[in-house]
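Read the structure below first, then the notes.
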Amino acid sequence: MASAHIAGVGMTEFGEYPERTGRDLFGEAGGTAIEDAGIDREEIDALYVGNFMGELSENQGHMGPLMAKAVGIDAPATRIESACASGGMAVRQAVKDVRNGEADVVLVGGVERMHNMGTTGATGGLSVAADDLWEIRQGITFPGAYALMAQRYFAVHGGDREDLAHVAVKNHANAANNPLAQYQTEISVEKVLDAPPVALPMGLFDSSPITDGAAATVLVSEAYAEEHGLETPVAITGTGQGTDNLALAERESMVRTPATEDAGRRAYEDAGISKDDVDFLEVHDCFTIAEVLAIEGLGFYEEGEGITAAREGETTADGELPVNLSGGLKAKGHPVGATGVAQISEMTKLFRGDHVNSDAVEDAEVGLTHNAGGTVASAVVHVLEVAE
Amino acid sequence: MSDDEITNDGYDQALDAIENGEPYALECPDGHQSMPPRQVCPECGSDDLEEVEIPTSGELLSYNVTYVPTPDFSDDVPFVLGVAEFDDVRLTGRVQADAEDVEVGSAVEVGLGESETTGRPLVTFDLA
């Protein structure tokens, strides 16, 4: 199967920009990616935009055409929505277009405006990724849903809040010198444990922040890259997607994520690799427990054993399997529709050597991005490899 | 039209049944149970679904203590939210107890309550 080569990436700073509109953020990220790729805008054959709650946050649907003009292109443009996996799903569509020959150059991005909704408003906006009848009407929030998963995990497998705190500490340490990250500060286990409660056992520092931001990448076919002399040191060589019951309570288990398992298995098969080939990961750590479930779902840890990975130093920057060297959603920030694209952008820079944490993966050849929607009712995984 | 005037066929009747102490699920010939509304069994796709009684008492599988709510629950916090199992179906609902009195595995009775913020009905669990 042909690979989709990454010609350029771009990201706005992630953070609190309540005055910036989605089109403004996307225009910047898309422009950066196009400039990084060194291509002419007219060369772009298609645009995919990941966004989750534009209708709620800024009264804006139908973002395909809007964002095409925000970056100054005429190409067919489509918005993709799969809650917090919207960005990753948009990447998946772009990869398919390049692979099936429909397009030689695709711009794919994601954007989310959240701060202007306020904390309660954003909590409400995010909640619509749950089941309206049997979850939202009962008062569920996303911190609350992941808190249910964490509490169940503790009951079934053991572990405690202190184990999870190490996930947050690790990801903040990774973001500390990342100039695009929302939190460029290290934190301590004590700070995580003493933070205000959001939905116990999830506290403020177990939770990814409310984030405004956008990310984009330019994908090209191998033939196009060769023909135009583009440098494409990284390629997306595998993609996989999984789906599960929307409502957490309807899952067979509250401590397993079959959508991640399916997406991972399909992405490995697609790229022709196994998990043992993977050097580092960017996973969907919207809450500390989510990173634990992700590394288990992707097969790197047995069920019930991932919770000690950060505490034991196995997933830290100097560990055997670095996870979320960008700072993750937890510290880099989580502008939900942009997150899956930001993972690609950050991982590409990590491979290329122009990321602050590139030294941690100097000889790496294979990386994995994992982007989840809701309580992992949706999951999408991409395999990134150093191009031959 | 306000949200409260919109009916949700299947869901509203299921809540009424919970309030009357006769909760039910939908069951297919293979015995898969799920909560309505359903056109087909989510497990096997069968459209041969019938209402079957489920017990009013169940087991709490997990809970949280919610402090940061959605706008529809802004006056309700903090509250305990749980997932409980009743035979083969599980429900999410408000645990009517202080957090310190709740634990995974607690026996609960299902009932109907309402949001203190909006007055809308919601599923409740009383510690048995």
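Letters A, B, ... mirror the listed sequences (proteins, then strands); counts begin at 1.
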Return the set of residues passing side-chain hydrogen bond (donor to acceptor under 3.5 Å, both in side chains) with A:Glu81 (not counting sequence neighbours), or none when no residue passes. none

Which atoms form the tightest heavy-atom contact between A:Gly121 and B:Pro71, and what is the distance? CA-CG, 4.4 Å

Please look at A:Glu250 and chain B and tell me whether the side chain, the backbone, both or neither of the residue comes under 4.5 angstrom of a heavy atom of that chain. side chain

Heavy-atom nearest pair, A:Thr120 first then B:Thr70, reads CG2-C, 3.7 Å

Heavy-atom distances under 4.5 Å only: say whether A:Pro143 touches chain B with side chain, backbone, both or neither. neither

When B:Thr124, B:Thr92, B:Asp76, B:Leu91 are compared by non-hydrogen pairs under 4.5 Å with chain A, the top option: B:Thr92

Return the option, out of B:Val65, B:Val80, B:Leu15, with the maximum number of heavy-atom pairs under 4.5 Å with chain A. B:Val65

Side chain of B:Arg90, backbone of A:Arg251: donor and acceptor closer than 3.5 Å? yes

Spacing of CD belonging to B:Glu43 relative to CD belonging to A:Glu252, to within rounding of 0.5 Å: 8.0 Å

Given a strict heavy-atom distance threshold of 4.5 Å, which part of A:Leu126 is in contact with chain B: side chain, backbone, both, or neither? neither

Counting heavy atoms not belonging to B:Asp9, are there more than 12 under 6.0 Å from its CG? no

Contact winner vs chain B - A:Gly144, A:Gly118, A:Ala150, A:Gly139, heavy-atom pairs under 4.5 Å: A:Gly139

Using a cut-off of under 4.5 Å for heavy-atom pairs, which of A:Ala155, A:Pro197, A:Ala247 has the most such pairs with chain B? A:Pro197

Given side chains that start at C-beta, do those of B:Pro37 and A:Leu133 come closer than 4.5 Å, heavy atoms only? yes

What are the residues of residues 93-114 of chain B, in order of number, with any heavy atom under 4.5 angstrom from a heavy atom of chain A? B:Gly93, B:Val104

Side chain, backbone, both or neither: which part of A:Ser127 has a non-hydrogen atom closer than 4.5 Å to chain B? side chain

Select one option (side chain, backbone, both, neither) describing which atoms of B:Phe73 are under 4.5 Å from chain A's heavy atoms. side chain

Spacing of A:Gln138 atom CD and B:Asp72 atom CG [to the nearest 0.5 Å]: 11.5 Å

Would you compute the distance between atom CG of B:Leu60 and atom CD of A:Gln151 and round it to the nearest 0.5 angstrom? 9.0 Å

ring-ring contact (aromatic ring centres under 6.0 Å, His included) pairs touching residues 120-144 of chain A, sequence neighbours excluded, are A:Trp134-B:Tyr11

Is it true that a side-chain atom of A:Arg137 and a backbone atom of B:Leu122 form a donor plus acceptor pair closer than 3.5 Å? no

Among A:Thr141, A:Leu200, A:Val198, find the residue that satisfies the side-chain contact (heavy atoms from CB on, under 4.5 Å) test when tested with B:Tyr67. A:Leu200

Shortest non-hydrogen pair, A:Ala249 vs B:Val83, comes out as CB-CG1, 3.9 Å

May I ask you to check whether over 12 heavy atoms, not counting those of B:Asp75, lie within 6.0 Å of atom CG? yes

What residues form a side chain to side chain contact (heavy atoms under 4.5 Å, CB included) with A:Ala147, not counting sequence neighbours? A:Ala199, A:Pro201, A:Met202, B:Asn64

For the CD atom on A:Glu303, are there more than 12 heavy atoms of other groups (residues, nucleotides or ligands in this structure) within a distance under 6.0 Å? yes

Under 4.5 Å from any heavy atom of chain A, what part of B:Pro78 do you find: side chain, backbone, both or neither? neither

Sub-4.5 Å side-chain heavy-atom contact between B:Ser62 and A:Met254: yes

Is it the case that over 12 heavy atoms from other parts of the model lie below 6.0 angstrom from the CD atom of A:Glu302? no

Among A:Ile136, A:Ile140, A:Leu248, residue most engaged with chain B (heavy-atom pairs, under 4.5 Å): A:Ile140

